[in-house]
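Worksheet for the structure shown next.
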Protein chains: 2
Amino acid sequence: MASIKDVASKAGVSVATVSRVLNNNPRVKSPARARILATIDQLGYQPSGIARNMRSQSVRVIGLVISDIQNPFFTTLVRAVEDVAYENQYTVLLCNSDEDLQKEQLYIDVLSRERVAGAIIVPTGKDACTPLVNARVPVVMVDRTVPDLVADAVVLDNVAGAFAATKHLIELGHRRIGLVGAPTSVSVGRERQRGYEKALRASKLKLDPRLICIGNFKEQGGYQAARALLELDPRPTAILAVNNLMTLGACQAISEKRLRIPKDISVIGFDDMPWFALLTPPLTAVRQPTYEIGIQAARLLFARMQDAARPVETRVLKPELIVRGSTAAPARG
Amino acid sequence: MASIKDVASKAGVSVATVSRVLNNNPRVKSPARARILATIDQLGYQPSGIARNMRSQSVRVIGLVISDIQNPFFTTLVRAVEDVAYENQYTVLLCNSDEDLQKEQLYIDVLSRERVAGAIIVPTGKDACTPLVNARVPVVMVDRTVPDLVADAVVLDNVAGAFAATKHLIELGHRRIGLVGAPTSVSVGRERQRGYEKALRASKLKLDPRLICIGNFKEQGGYQAARALLELDPRPTAILAVNNLMTLGACQAISEKRLRIPKDISVIGFDDMPWFALLTPPLTAVRQPTYEIGIQAARLLFARMQDAARPVETRVLKPELIVRGSTAAPARG
DNA sequence: TCCGCTCCTGAAAACGTTTACTTTGGAAAC
DNA sequence: GTTTCCAAAGTAAACGTTTTCAGGAGCGGA
């Protein structure tokens with residue numbers, strides 16, 4: 001591949017002059033400039049980003065570490081981050097940690113080595129981000145937080161979301177509400193469970209630990225947790241699933257058992273999806289402003305990249321309960 | 001951030017020796033090696049990927065340009081590519097062209113400038129990839145092809161998929177089958193329409209151009225195309241939608257019109273999704289081996305990166321018709 | 001004692017840019 | 001005609017690695 005030297009010698013000028021033309025420095029006058037542009041065209045020359053990065057000691061790339069590329073929630077997040085990056089002429093280095101601590105660790109190492117300008121991270125483990133933060137790389141956590149890490153974050157008010165959903169079920173008359181929960185090792189799992197428990201306590205209902213089943217964040221985790229709940233005797237009359245894919249899995253378990261929603265069992269999902277409305281009945285769900293979460297995280301990152309000294313900030317966005325047909329009063333008896 | 005020089009001077013050795021330790025060169029003996037490792041630890045030194053890239057004139061990154069990050073089909077593709085990249089210790093630079101030619105062009109420029117080791121591209125426009133290919137950057141097209149571009153590709157047998165779906169409808173007795181089609185400027189749109197037409201011709205049915213409505217690849221495109229079809233008099237008795245999001249949009253249009261599936265109208269979607277089976281009735285669909293497509297594309301890319309001289313290859317994978325409850329014989333009259 | 005060999009380490013070049021500083025040449029001012 | 005000044009273009013250093021080549025220490029054998 002042609003380098004700036006080739007262009008310079010072919011055009012009969014010095015590399016400095018070529019560089020000036022590339023960077024639109026107006027000090028290069030027309031005869032030289034025209035000749036250089038022609039030569040560039042002729043050689044199909046493209047300046048090496050590698051060398052530019054080297055020279056400038058910076059890269060116009062931001063890292064994005066998510067935990068499940070196949071989850072539409074994170075996909076919307078990616079979309080938002082991409083949009084903001086594009087506006088700022090940055091590109092996105094995408095890493096899928098797959099809820100795997102080792103993978104997360106490795107990717108964060110990569111981001112650090114490659115000297116990305118900043119990173120947006122959905123943290124899976126407790127300490128993975130620490131090295132980045134210590135190396136003064138701008139970092140924004142999104143969706144989840146980790147305790148004791150001083151970094152910007154954008155998250156949902158998970159407690160409020162789970163509280164509202166559970167309260168809705170209680171108000172409909174449910175007393176045995178199953179939770180298809182997520183691992184409490186991540187903040188999302190912890191907080192949504194806390195919201196559920198808070199609503200039960202607020203209504204003076206007893207917490208029955210058997211009504212809480214934990215699964216991984218995927219379809220399969222929801223399926224298994226829901227199956228366990230459906231085996232209970234007496235069966236819960238309602239289920240709250242704490243993320244979108246787990247909701248899908250829970251619905252599958254319910255449909256396998258030939259139970260009807262909401263007649264036999266009410267269901268609330270977390271994180272509304274377009275197709276929730278198409279199900280029969282359409283699913284009641286806690287909607288997150290997902291795209292907005294992503295946008296804010298990205299903007300926060302760019303703000304931090306511009307000003308390392310600005311105060312650390314955690315933004316908490318509000319969920320909204322969308323009541324549709326999958327929740328109703330429990331059957332008598 | 002500390003550099004190799006800092007480590008060298010602090011440990012009282014030359015940069016060469018430090019570099020050797022970093023690269024596990026066994027020629028460095030223990031007193032020096034131990035001192036260097038300690039110093040590295042102490043300074044929190046991390047070798048600069050930027051400088052390494054500069055020196056090696058290469059980057060362990062592959063570019064991935066997709067047209068819609070929010071479409072689960074592409075997401076699965078990303079996942080597959082990521083998995084293969086991870087195995088090979090490469091990372092993925094993700095670009096979302098958003099079906100926008102300008103964005104695609106820009107991203108391909110970025111990939112070229114950044115000297116990525118290779119690229120996997122879902123081409124939106126006709127010529128965007130050409131510069132990359134001309135610059136001898138290994139490129140694999142996926143999902144779509146562009147005519148006259150000599151590059152590896154992995155695609156679905158779209159004609160066969162649409163043919164099978166349409167034939168299934170014809171065999172059920174449908175004679176007026178609407179196509180919720182995609183722009184024929186991209187191969188996927190063209191070929192799926194061709195499969196549809198081929199099936200009609202094979203059964204000696206007349207092609208009615210009013211039964212073909214084209215929309216963009218998203219939910220909204222499917223919604224609008226389906227609405228147009230549902231306005232026809234007489235209404236089609238069946239609809240084939242040519243991608244997953246368009247199927248979602250078509251279902252919304254049908255549900256708005258209060259038509260029942262399959263009693264009033266049969267529906268087939270393209271590209272099966274987990275939630276298709278949860279709809280009432282569960283959707284009949286043409287399933288693509290999406291993950292496999294991504295894996296093959298990535299493997300092909302790595303093969304090409306290793307051997308630029310290997311013959312150019314186009315792999316065509318087979319779809320499968322999954323018959324569920326959304327297709328039935330048309331109502332009498 | 002000296003040569004030659006091995007083994008470890010150091011010096012320096014190279015990768016492709018950008019940019020501060022220097023040189024050149026021509027025109028204006030005297 | 002000489003000096004001065006300015007614009008335009010060139011020279012070279014720097015960014016942080018890796019790697020080639022060279023140097024030197026240690027040691028065994030003659």
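In the text below, chain A, chain B and the rest are named by the order of the sequence lines, each starting its count at 1.
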DNA chain D: 5'-proximal contact among A/Val15 and A/Arg33 (nearest heavy atom): A/Arg33
Could you tell me how far apart A/Ile4 (CD1) and D/dT11 (C1') are, to the nearest whole angstrom? 14 Å
Do other residues, nucleotides or ligands put more than 12 heavy atoms under 6.0 Å from A/Asn134 CG? yes
How do B/Arg115 and B/Ser14 order along DNA chain C: which one's closest nucleotide is nearer the 5' end? B/Ser14
Heavy-atom nearest nucleotide on DNA chain C for A/Arg55 versus B/Ser56: which residue maps closer to 5'? B/Ser56
For B/Met54 and C/dA13, what is the distance between atoms CE and P respectively, to the nearest whole Å? 16 Å
Spacing of B/Arg60 atom CZ and A/Arg113 atom CZ [to the nearest 0.5 Å]: 10.0 Å
A/Gln57 CD to C/dG16 P: how many Å, rounded? 17 Å
Measure from the side-chain heavy atoms of A/Lys29 and tell me the nearest of C/dG16, D/dT17, D/dA9. D/dA9
Between B/Glu114 and A/Asn53, is there a side-chain donor-acceptor contact under 3.5 Å, judged purely by atom types and distance? yes
Considering every strand and a 4.0 Å limit on heavy-atom distances, what is the contact class for B/Asn23: base, sugar-phosphate, or nothing? sugar-phosphate
Does C/dG10 have OP1 or OP2 under 4.0 Å away from a side-chain N or O of B/Thr17? yes
Using the six-membered ring wherever Trp is involved, compare the ring planes of A/Tyr107 and B/Tyr86 and label them parallel, tilted or perpendicular (cut-offs 30° and 60°). tilted
Calculate the interatomic distance between B/Lys5 atom NZ and C/dA11 atom C1'; express it in whole Å. 13 Å
Integer-rounded Å distance: D/dG16 C1' and B/Asn53 CG: 11 Å
In this structure, how many angstroms lie between the P atom of C/dT17 and the CD atom of B/Glu114, rounded? 12 Å
Touch class at under 4.0 angstrom, heavy-atom based, for B/Ser19 against every strand present: base
Can you tell me how far P of D/dT17 sits from CG of B/Asn25, to the nearest Å? 17 Å
Between B/Arg27 and B/Arg52, which is nearer to the 5' end of DNA chain D once each is assigned its nearest nucleotide? B/Arg52
Output the single nucleotide from C/dT18, C/dG16, D/dT19 whose closest atom is nearest the side chain of A/Leu22. C/dT18
Atom CZ of A/Arg20 to atom C1' of C/dT18: distance rounded to whole Å? 10 Å
Quick one: pull up OG1 in B/Thr91 and CG in A/Leu93 and give me the separation to the nearest 0.5 Å. 4.5 Å
Between C/dT19, D/dG16, C/dT17, spot the one nearest the side chain of A/Ala16, thanks. C/dT19
